[in-house]
Number of protein chains: 2
Amino acid sequence: MSRASDRAYAAIRSMILSGELPAGAQLGEEALAERCGVSRTPVREALRRLETDLLVLRTDTQRSFVADWSIDDVADAFDLRARLESMAARRAAERMTPEALDRIRASNRALEVAIRRPQPDIEGFLEANREFHAAILDTAGSRRLAALLGTLIEQPVVWRTAHHYSREALHRSHSEHEELAAAFARRDGAWAEAIMSSHILRAYHAYADAHRGIGLVDEAKAAE
Amino acid sequence: MSRASDRAYAAIRSMILSGELPAGAQLGEEALAERCGVSRTPVREALRRLETDLLVLRTDTQRSFVADWSIDDVADAFDLRARLESMAARRAAERMTPEALDRIRASNRALEVAIRRPQPDIEGFLEANREFHAAILDTAGSRRLAALLGTLIEQPVVWRTAHHYSREALHRSHSEHEELAAAFARRDGAWAEAIMSSHILRAYHAYADAHRGIGLVDEAKAAE
DNA sequence: CGAGAGACTATTGTATACAAATCGGGTTGG
DNA sequence: CCAACCCGATTTGTATACAATAGTCTCTCG
């Protein structure tokens, strides 16, 4: 993270995820370089990475813009994620080791701690959730699968609305993770695959419900 | 393709696919720049792109090497491709239009022409095959899915051994494509998904058989 | 004889200058 | 009034110089 291009990547990415750079905004290399305090060279690298993440779109004439995520795009991303992560779960179950299982269970305990409080710690929840899924992906042992999933996790819109998840939804995540751990303990690939698929798709509908309920008001707040 | 970075990308990629740069070879930016007749700047961009294609691997200290593809890697890639392309086929079937169907059928006619000759035209087969799958992917209408599949098609080892496919295998590809077109004509997503999945997995085993049969001799020929 | 420190070399990272392409606006001719 | 065109302003692409970092070899000391 000490390299200028990494800092530029993190900075620009954060500006997009937070809505500071709204969807459709043009991303001039010079302007970004100034905002990030580096030269254009690392900014260009960062933009290319963000482009493969599909957070940035380029026109046919090489101008960069913040990608906008329609409802369909989000549904699409969840659909893909459900397929790929359930595949990862199956592979992980088949390759499960005691150490990997410990790591997976530990991250779910951390998740439980984050949500069992008067005011749920959403950041803590997100971090534990990330670690849980990362542990599974590592255990799946496919560089290629990891590379593909890398561009699907941490979607901007989802990230922005995670704070609106109900307490019930958070607890459901925890119990589904527990069930996954049970499937892993038994090395049952088909079971793990099925749970993961429904886990992701349920998360999608939780997101969709929250988004519908809040609607454009939320978008307006996020943009300010 | 007139940009120096595109030329560098194409040149380096081709050197890797042809085996001119063998697996494990270090990719120094300076050396590549000289071989491609451009400066390091576009070479760096090309290397980053090849890295996301997983054709190039970087160490923790930022040195680039030609990735080597073990049998497991290839199996992995086919497994992923089968999942994603069958998903594309389902979506394409659900969104099929007369125009898209025409395009798909036309590319399969081109494929038939290429293989119905005394000496099959493998380059023509590959091109028609590419167009056939591209037409389906376009019809599926998911930018994200297209982006993910982009890194999975045209795998180096597969490309190198396509010339060893039997005439029978080529004809089977053609008839499976015909069956896909039938599923598309009926807009039967489940059928299209199933055919595509078996189509890809059959292609994998055709590759695996050819590779096993030819073995190291083929690798040696490709390296010269 | 092996391990570690140091200097030297090779390689990558960043900044900057300049070249090439693109965009926007205003003008002109139909 | 609209379209096409041209030119200045802006933006991106490439080359190059220099800085920083990693790798390698040798020399010395235990």
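Numbered from 1 within each chain, the chains take letters A, B, ... in sequence-line order.
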Rounded to whole Å, CZ of A:Arg63 lies from C1' of D:dT10 at a distance of 7 Å
Does OP1 or OP2 of D:dT14 have a side-chain N or O of B:Thr41 closer than 4.0 Å?
no
In whole Å, I'd like the distance from the CD atom of B:Glu29 to the P atom of C:dG13.
6 Å
Using a cut-off of strictly less than 4.0 Å, decide whether B:Arg48 has a side-chain nitrogen or oxygen near OP1 or OP2 of C:dG13.
yes
Please confirm whether the shortest side-chain N or O distance from B:Thr61 to OP1 or OP2 of D:dA22 is below 4.0 Å.
no
Check the phosphate of C:dT16 against A:Arg40, side-chain N and O only, distance under 4.0 Å to OP1 or OP2. Yes or no?
no
I need the CG-C1' distance between B:Asp6 and D:dG13, as an integer number of Å.
11 Å
A:Arg58 side chain N/O closer than 4.0 Å to the phosphate oxygens (OP1, OP2) of D:dG13?
yes
To the nearest angstrom, how far is B:Gln26 atom CD from D:dT24 atom P?
8 Å
With sequence neighbours left out, write down each residue that passes side-chain hydrogen bond (donor to acceptor under 3.5 Å, both in side chains) with B:Glu34, or none if nothing qualifies.
none
Hey, what's the ring geometry for A:His177 with A:His133, parallel, tilted or perpendicular (30° and 60° as the breaks)?
perpendicular
Ignoring backbone atoms, establish whether A:Gln62 has a side-chain N or O less than 4.0 Å from OP1 or OP2 of D:dG13.
yes
side-chain contact (heavy atoms from CB on, under 4.5 Å), paired with B:Leu55, selected from B:Leu50, B:Ile12, B:Thr151
B:Leu50
For a quick test of reading the model: is some side-chain N or O of B:Ser5 closer than 4.0 Å to OP1 or OP2 of D:dT14?
yes
